Every structure is written in structure tokens, then in C-alpha cells.
Amino acid sequence: MKSWLARRTPAEWLTALLAAAFLLTFGWALYFQIVPQVDAAHYESISSNIAAGDGYRMVAGTPLASDDAIASVGPLYEFFLALLLRVFHFQLAFVWLAQALLDVATGFLLFLTARRAFGKADGEYMGLIAAGLYLFCIDIVQMPAMLMTETLYLFLIAFTTYLFVRLYQEPGYANAALLGVAGAFAVLTRPTALLMLILVFIAALALRRYKQAAALLFCSVLVIAPWTLRNYFVYHSFILTTAAGGYDLWMGNNAGADGGAHPTPEIVAYAASHTFTQTAAYGDAQFKQFIFGHPLAETKLLAEKTIAYASVARPYAFWFYLSGLAQKIVLVWSAAWSFILFSLGLAGAWLLWESKQPLYRWLLALAVLMPASVIPIIVETRYRLPLYPFLALFAGYFAVRLYRDRSLSKVLGVAAALIVADAAVDGASHLGLILDRLGL
């Protein structure tokens with residue numbers, strides 16, 4: 001048996017891994033049959049109206065200028081979902097199927113990225129570990145079972161990263177154009193990807209590939225501009241993709257903020273009595289007033305959100321559909337897997353930085369942008385998911401390096417100690433919240 005396993009090629013292992021991940025993810029969706037709620041319900045409403053020919057609206061028949069759809073994150077996921085609903089006659093099982101396949105494709109992209117970035121010899125094994133750590137993380141397994149932007153967004157993040165590595169190694173206009181399109185699609189899914197798109201453009205300039213940088217920029221603008229222009233003609237103001245930004249910035253940065261998605265009574269009251277564009281503009285103003293008027297309070301809040309972002313004391317187990325034994329399993333699975341991902345990923349990031357190879361440092365910079373794009377706004381456990389593809393890549397790199405050189409276990413020990421310390425600080429600061437979540 002042992003010799004049979006040893007004879008399996010990386011391609012065979014990858015096929016088995018992707019198949020198992022698909023069965024787990026799609027099976028999870030079929031078993032729990034999750035009913036869309038809150039954000040997912042909003043996406044379903046908008047997508048259903050698009051599919052029915054009523055346009056990008058939350059409520060059919062409502063004038064566009066007063067409808068709340070533009071306050072939701074989008075629009076690409078809503079159009080993606082609308083296409084699936086229209087083709088498959090509004091059967092959610094087919095949406096779950098498509099999203100499970102998209103999730104598996106993300107794992108496959110991590111394998112391809114590792115093989116390209118780290119070399120074929122060790123890179124294939126690094127890629128297998130990366131894909132496995134990503135695909136069997138319960139935080140990731142759950143997402144295709146819901147109508148949420150994350151599954152599409154994470155695929156686009158992984159695709160953009162892969163294309164960046166390919167462009168770095170194989171300069172060409174086609175690679176640059178495709179990278180621009182993928183990055184723009186990510187922005188149209190969640191606007192926080194704008195920082196990633198800007199960085200890959202800067203990287204192209206830094207590599208003195210000016211014509212390719214121009215192609216990248218042109219294709220990005222070509223994809224995003226029609227939606228931005230549409231927003232200007234409808235709302236008579238500049239809205240790049242969504243009007244949610246001002247509200248979220250205000251919610252995450254005020255005297256009563258806890259760093260999470262918990263609006264104060266003042267914010268709730270203002271939003272209830274004003275249009276979303278007015279709320280967005282006022283929220284921007286309140287955010288600026290707070291950070292410049294109370295810099296010490298803002299600094300403290302940023303520190304708390306940074307600690308919360310990486311805290312394994314905040315497992316991804318408190319969705320409305322979970323209870324009893326299922327919730328306990330998910331709680332342990334999420335906390336343990338997050339600890340492994342963050343510890344191995346941080347250790348791998350350190351080794352990549354020490355290597356001083358430019359490509360690796362660009363990858364590290366892309367990874368840093370994942371928390372940097374959300375921590376100044378609001379921090380919830382699912383908002384750290386865009387970092388997981390990078391953590392998985394770095395973890396795969398470290399695992400193979402550790403296999404070759406056991407002395408690197410010291411690096412892992414330091415990384416794990418930092419993650420434990422972060423969780424301890426977060427737990428001590430928010431003990432009441434954590435105990436309440438645990439039902440204690």
C-alpha cells in the first residue's frame with residue numbers, strides 16, 4: 001500500500017484532492033440547503049430582478065435613483081448569479097453546483113501559481129499542500145453553499161495572482177490584458193480589490209514594462225468604466241462600483257465603534273431617514289472628521305481591528321444555520337485550521353521575505369493588501385478570507401522547505417507563538433463577546 005501511494009504522481013494526487021474537495025463542498029450545500037438571509041437575500045433579490053428583466057434593482061418597479069441595490073457590494077456577483085438563475089430556472093442547487101466548481105478552480109489556481117512561482121520540482125508539492133489547506137478549510141467549504149460574493153471574489157483574487165506571476169515570468173500583451181480584465185472583475189465584485197489592481201500596475205511599471213502596463217490599465221478601465229458611467233448618469237455622482245463605502249467607513253470608525261459591522265443608533269437613524277447616496281457622502285465626512293479629529297482613538301481602533309483580523313479566537317462557526325453538534329464541529333475545525341493556516345503561512349512569508357527574490361516580495365505585497373484593504377473599514381471573520389489563498393501558498397512553501405530542513409521548525413515555533421499571543425490579546429479584550437458566542 002505504501003509503495004502504491006509513493007508511485008502516485010502529483011497530477012494524480014491533485015485530481016483526487018480536487019474531486020474530494022468538490023464532493024465535500026457541494027455535499028455541504030445540498031445537506032444544509034441554506035436559505036439566503038441578510039446580504040445573501042439582498043444579492044438574491046437583485047439577481048432575481050436582473051434575471052427577470054427588471055434591471056439592477058432590489059425591489060422590482062422601484063425607480064433606480066431611489067432603489068437600494070447600489071448600496072450592496074457588486075455588481076459582478078449579482079450579474080453572475082442572475083445568469084445562473086436565468087439559465088437554471090431559479091433552482092439554487094445549480095448555483096451551489098457552479099460555486100462549488102468555482103471553489104475547486106480556485107484550489108487548482110493555487111497549485112498552478114505555486115508550480116510557476118516556486119519551480120516545478122518542489123512547486124508541485126507546495127501547490128498540492130496549498131490547494132489542500134485552502135479547499136479543506138471549513139471557512140472556505142461553507143461559502144459556496146451561500147449566495148455570497150466571497151466564492152467568486154476569491155477565485156478572481158487567485159486568478160489575478162496567477163496571471164501576475166505569469167506576466168512577471170512571461171512578458172506579453174495578452175498576459176497584461178488578461179491580468180487587467182481579471183483585476184477589474186475582482187474590483188467589480190468587491191471594490192477592496194482596487195488596491196490589488198493598482199499594485200500589479202505599479203509592479204509592471206517597476207519592471208519597466210511600460211507598454212504592458214498601459215495595456216493592463218486600458219483593459220481595466222475598459223471593464224470598469226461602463227458601470228461607473230452608468231452610476232453617474234443614474235445618481236449624478238461618482239460611484240466607482242457601489243455606494244456602500246461611506247456607510248461602512250463610518251460604521252467602522254466612530255466614537256462608539258467596536259471595529260465590526262455594528263452600526264451605532266445614530267448611524268441607523270441617519271440611514272433610515274436619508275437616501276443611500278446621502279448616507280455614503282455623510283459617512284465619508286464623518287469618517288474623515290473622526291480620524292483627523294481623534295487620531296489616538298483611531299489608532300487604538302486600528303490596532304484592535306488588526307488583532308481581531310488574525311485572531312483564531314474568532315472561529316467561523318456562528319452562521320445562523322448552524323447549531324448543536326454541527327456548530328461545535330465547525331467551531332473546532334475553523335479555529336484549528338485557522339491556526340494552521342496563519343502559523344504556517346506566516347512562517348512561509350518570513351522565508352519568502354528572507355529569500356530576497358523580487359517575485360516573492362511582490363507576492364508578499366499582494367498578500368499584505370488583503371488585510372490593508374479591510375482593516376481601516378470594518379473587520380468581520382469572513383473579511384479575512386481573501387488572505388487565505390496567500391496563506392495557503394506560503395504555508396505550502398514552508399511545509400516543503402521544513403521537510404527539507406527540519407531546523408526551520410524554529411521559525412514555525414515563533415510564528416505559532418505570535419498567533420497564540422494575538423488570540424490571547426483578542427480574547428482578553430473581548431472575553432464577553434467570545435463567551436457569549438460560545439454560549440457560556
Side-chain angles (χ1 to χ4, degrees), residues 20-52 58-59 68-69 72-107 134-157 189-190 244 260-262 314-338 378 380-386 388 437-439:
F22 170 76
L23 291 174
L24 172 63
T25 303
F26 187 46
W28 190 279
L30 291 177
Y31 179 81
F32 284 102
Q33 302 273 317
I34 302 171
V35 177
Q37 294 191 33
V38 195
D39 288 351
H42 294 164
Y43 299 141
E44 184 186 35
S45 295
I46 297 168
S47 301
S48 296
N49 285 324
I50 296 171
M58 187 80 73
V59 180
D68 287 340
S72 291
V73 173
L76 187 63
Y77 180 70
E78 289 85 340
F79 281 100
F80 165 77
L81 186 56
L83 177 63
L84 293 174
L85 292 175
R86 182 66 179 266
V87 170
F88 296 110
H89 305 288
F90 295 83
Q91 298 297 312
L92 288 183
F94 290 100
V95 175
W96 300 331
L97 172 63
Q99 294 192 151
L101 291 172
L102 204 58
D103 189 51
V104 169
T106 304
Y134 177 83
L135 290 171
F136 291 95
C137 174
I138 188 59
D139 302 1
I140 300 299
V141 170
Q142 294 181 85
M143 294 315 300
M146 307 180 202
L147 304 187
M148 303 289 280
T149 61
E150 274 73 13
T151 301
L152 177 61
Y153 186 54
L154 293 175
F155 168 79
L156 291 169
I157 291 292
T189 304
R190 294 193 75 88
H262 308 118
R314 296 175 182 249
Y316 208 30
F318 301 103
W319 287 103
F320 58 89
Y321 77 95
L322 288 171
S323 61
L325 179 61
Q327 186 175 68
K328 290 180 175 64
I329 292 172
V330 171
L331 191 153
V332 174
W333 190 348
S334 177
W337 215 271
S338 297
I378 51 179
E380 293 288 324
T381 304
R382 70 185 174 97
Y383 294 161
R384 70 188 184 199
L385 293 185
Y388 281 18
R437 285 288 185 90
L438 295 174

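Index from 1, following the sequence. Note that the coordinates shown come from a computational prediction; the quantities given were computed from them, not determined experimentally.
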If you take all heavy atoms of [X] and [Y], which pair is closest and at what distance?
X    : Y    : value
M146 : Y77  : O-OH, 4.1 Å
F136 : W333 : O-NE1, 3.1 Å
I378 : G260 : CG2-O, 3.7 Å
I157 : P386 : CG2-O, 4.3 Å
P315 : A335 : CB-N, 3.9 Å
W28  : A145 : CD1-CB, 4.2 Å

F80 and side-chain contact (heavy atoms from CB on, under 4.5 Å): which partner among V95, L102, T189?
L102
For the pair D103 (side chain) and Q99 (backbone), establish whether a donor and an acceptor sit closer than 3.5 Å, ignoring hydrogens and angles.
no
Do the side chain of S47 and the main chain of E78 share a donor and acceptor less than 3.5 angstrom apart?
yes
Is the shortest heavy-atom distance from the side chain of Y316 to the side chain of R384 under 4.5 Å?
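SC-SC contact between Y316 and R384 ruled out.
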Are side-chain heavy atoms of H42 and M58 found at a separation under 4.5 Å?
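Yes - at least one pair of side-chain heavy atoms lies under 4.5 Å apart.
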Criterion side-chain contact (heavy atoms from CB on, under 4.5 Å) on F22 and L101, from CA distance to verdict:
CA-CA 7 Å; F22 170 76; L101 291 172; 3.7 Å; yes
When you look at Q33 and W96, which way does the side-chain contact (heavy atoms from CB on, under 4.5 Å) test go after all the steps?
CA-CA 9 Å; Q33 302 273 317; W96 300 331; 3.6 Å; yes
With sequence neighbours excluded, residues passing salt bridge (charged side-chain N to carboxylate O under 4.0 Å, His left out) with D39:
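By the salt bridge (charged side-chain N to carboxylate O under 4.0 Å, His left out) rule, D39 matches R382.
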Parallel, tilted or perpendicular, as decided by the 30° and 60° cut-offs, for the rings of F88 and F94:
parallel
Regarding E150 and Y388, do their side chains bring together a donor and an acceptor under 3.5 Å, going by distance alone?
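No, because no side-chain N or O of E150 sits under 3.5 Å from a partner of the opposite role on Y388.
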Please tell me whether D139 and S334 have a donor and an acceptor in their side chains that are separated by less than 3.5 angstrom.
yes
Working for side-chain contact (heavy atoms from CB on, under 4.5 Å), residues Q142 and L322
CA-CA 11 Å; Q142 294 181 85; L322 288 171; 3.6 Å; yes
More than 12 heavy atoms of other groups within 6.0 Å of F320 CZ:
yes
Please lay out, stage by stage, how L92 and L85 fare under the test side-chain contact (heavy atoms from CB on, under 4.5 Å).
CA-CA 7 Å; L92 288 183; L85 292 175; 4.3 Å; yes
Y383: what forms a ring-ring contact (aromatic ring centres under 6.0 Å, His included) with it, not counting sequence neighbours?
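Scan of Y383 (ring-ring contact (aromatic ring centres under 6.0 Å, His included), adjacent residues dropped) gives none.
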